[in-house]
Amino acid sequence: MLKNSYTNFAELQQKEQEKIDYSITAYYRNPDIAVLAIHGGNIEPGTSEIAVALGEKLNASTYLFEGLKQRNNQILHITSNLFDEPIGVRIASNAMTNLSIHGHYDIHNALVYIGGRDEAYKSLIEHSLNQAGFQTGDTPQNLSGISERNITNLCNTGKGVQLELSTKLRKKFFKEDNFTKKTGKTNRNF
């Protein structure tokens, strides 16, 4: 857990204002798969846009929890094992499987860590990413996404996949490597 972040949604909701400090967006589509970005907006920049693009491409239900603050969005980072916002939990638990999009800080390497409990799905994704020219790496334990309580694993199968995209990789998806939401403009290149 990040220092000075909330431990659950009720705690966050008592101190932060929806549509000012954070937003929640849900697209209900095919319940076979849900794409989640629970640290979107200015919490882990670029993850919302990636989740939306994947959700559209896969015709998947999509959920976004986005930080909107001008600064200090890290306080809105509820860890994946504690994330209990009701709409997100409902979308995740109604899907057969989940694909959760996250960002980890690494400005030097453009790589993806693949976590979660679904080993077959992880292998398929890793193969597809490598075939498309993306670099994957050995997932550190703290980003493994294997807890049963992790929102990605709350699906019907109990096994989802968590993708952790480095800062450098996420920036590559945006024009001029700018993925800030402060301007309110979409700069995506995908």
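Source: prediction; values computed, not measured.
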Student: Take Ile87 and Phe65, measure what side chain to side chain contact (heavy atoms under 4.5 Å, CB included) needs, and give me the verdict at the end.
Tutor: CA-CA 10 Å; Ile87 296 168; Phe65 181 89; over 6 Å; no

Student: Distance-only, no hydrogens or angles: does the Ser144 side chain make a donor-acceptor pair with backbone N or O of Gly115 under 3.5 Å?
Tutor: no

Student: When you measure from the side chain of Asp84 to the backbone N and O of Val89, does any donor-acceptor pair fall under 3.5 Å?
Tutor: no

Student: Going by the angle between their ring planes, with limits at 30° and 60°, are His39 and His77 parallel, tilted or perpendicular?
Tutor: parallel

Student: Quick check: does any side chain N or O of Asn153 sit under 3.5 Å from a backbone N or O of Ser147, one acting as donor and the other as acceptor?
Tutor: yes

Student: To the nearest 0.5 Å, what is the distance between CG (Leu99) and CG (Leu36)?
Tutor: 8.0 Å

Student: Could you pull out the closest heavy-atom pair between Phe9 and Pro86, with the gap in Å?
Tutor: CD2-CD, 3.9 Å

Student: May I ask you to check whether Arg29 and Thr62 show a side-chain donor-acceptor distance below 3.5 Å?
Tutor: yes

Student: Test your reading of the model: is there a side-chain donor-acceptor pair from Glu164 to the backbone of Ile114, 3.5 Å cut-off?
Tutor: no

Student: Could you pull out the closest heavy-atom pair between Ser100 and His102, with the gap in Å?
Tutor: OG-NE2, 2.8 Å

Student: When rounded to the nearest 0.5 angstrom, what distance separates CG in Asn8 from OG1 in Thr79?
Tutor: 10.0 Å

Student: Between Ser48 (side chain only) and Gly41 (backbone N and O only), is there a donor and an acceptor less than 3.5 Å apart?
Tutor: yes

Student: Answer with yes or no whether the side chains of Thr152 and Gln162 bring together a donor and an acceptor at under 3.5 Å.
Tutor: no

Student: Glu16 and Lys69: salt bridge (Lys or Arg N to Asp or Glu O under 4.0 Å), yes or no, with the steps?
Tutor: CA-CA 10 Å; Glu16 308 289 345; Lys69 297 162 128 348; 3.0 Å; yes

Student: Are Met96 and Thr157 side-chain neighbours, meaning at least one heavy-atom pair lies under 4.5 Å?
Tutor: yes

Student: Scan Thr25, Val35, Ile38 and name whichever one has a side chain to side chain contact (heavy atoms under 4.5 Å, CB included) with Tyr63.
Tutor: Ile38

Student: Does a side-chain heavy-atom distance below 4.5 Å link Thr47 with Leu165?
Tutor: no

Student: Once rounded to the nearest 0.5 Å, what's the spacing between atom CD of Glu119 and atom CZ of Arg117?
Tutor: 9.5 Å

Student: To the nearest 0.5 angstrom, please state how far the NE2 atom of His127 sits from the CD1 atom of Ile125.
Tutor: 12.5 Å

Student: I'd like to know if the side chain of Arg170 reaches the main chain of His104, judged simply by a donor and an acceptor atom lying under 3.5 Å from each other, with no hydrogens or angles considered.
Tutor: yes

Student: Give a yes or no answer on whether the side chain of Asp21 reaches the backbone of Gln17 with a donor-acceptor pair at less than 3.5 Å.
Tutor: yes

Student: Minimum heavy-atom separation for Leu163 and Val112, please, with both atom names.
Tutor: CD2-CG1, 4.1 Å

Student: Examine Phe134 and Phe174 and state if one hydrophobic cluster contains both, with Ile, Leu, Val, Met, Phe, Trp and Tyr joined whenever side-chain heavy atoms are less than 4.5 Å apart.
Tutor: yes

Student: Please determine whether residues Tyr113 and Phe173 belong to a single hydrophobic cluster, defined as Ile, Leu, Val, Met, Phe, Trp and Tyr linked transitively by side-chain heavy-atom distances below 4.5 Å.
Tutor: no

Student: Search all heavy atoms of Ala92 against all heavy atoms of Asn98 and return the closest pair with its distance.
Tutor: O-ND2, 3.2 Å

Student: Quick one: does any side-chain atom of Asp106 pair with a main-chain N or O of Ala110 as donor and acceptor, under 3.5 Å?
Tutor: no

Student: Given the rule in the side chain to side chain contact (heavy atoms under 4.5 Å, CB included) test, do Gln14 and Tyr6 qualify, once you have shown the distances and angles that lead to the verdict?
Tutor: CA-CA 10 Å; Gln14 288 177 356; Tyr6 296 110; over 6 Å; no

Student: Transitively linked via ILVMFWY side-chain contacts under 4.5 Å: Ile24 with Ile78?
Tutor: yes

Student: Say you draw a straight line from CG of Asn81 to OG1 of Thr7; how long is it, rounded to the nearest 0.5 Å?
Tutor: 13.0 Å

Student: Do Ile151 and Leu143 sit in the same hydrophobic cluster, where Ile, Leu, Val, Met, Phe, Trp and Tyr count as joined when their side-chain heavy atoms come under 4.5 Å apart?
Tutor: no

Student: I need the minimum non-hydrogen distance between Cys155 and Ala95, along with the two atoms involved.
Tutor: CB-O, 3.3 Å

Student: Does Thr97 use its side chain to pair, donor to acceptor, with the backbone of Asp32 at less than 3.5 Å?
Tutor: no

Student: Okay, side chain of Ser166, backbone of Asn109: is any donor-acceptor separation there less than 3.5 Å?
Tutor: yes

Student: Check Glu148 against Leu154 and note the closest heavy-atom contact, atom names and distance.
Tutor: O-CD2, 3.7 Å

Student: Supply the atom-to-atom distance Ser61 OG to Ile33 CD1, rounded to the nearest 0.5 angstrom.
Tutor: 9.5 Å

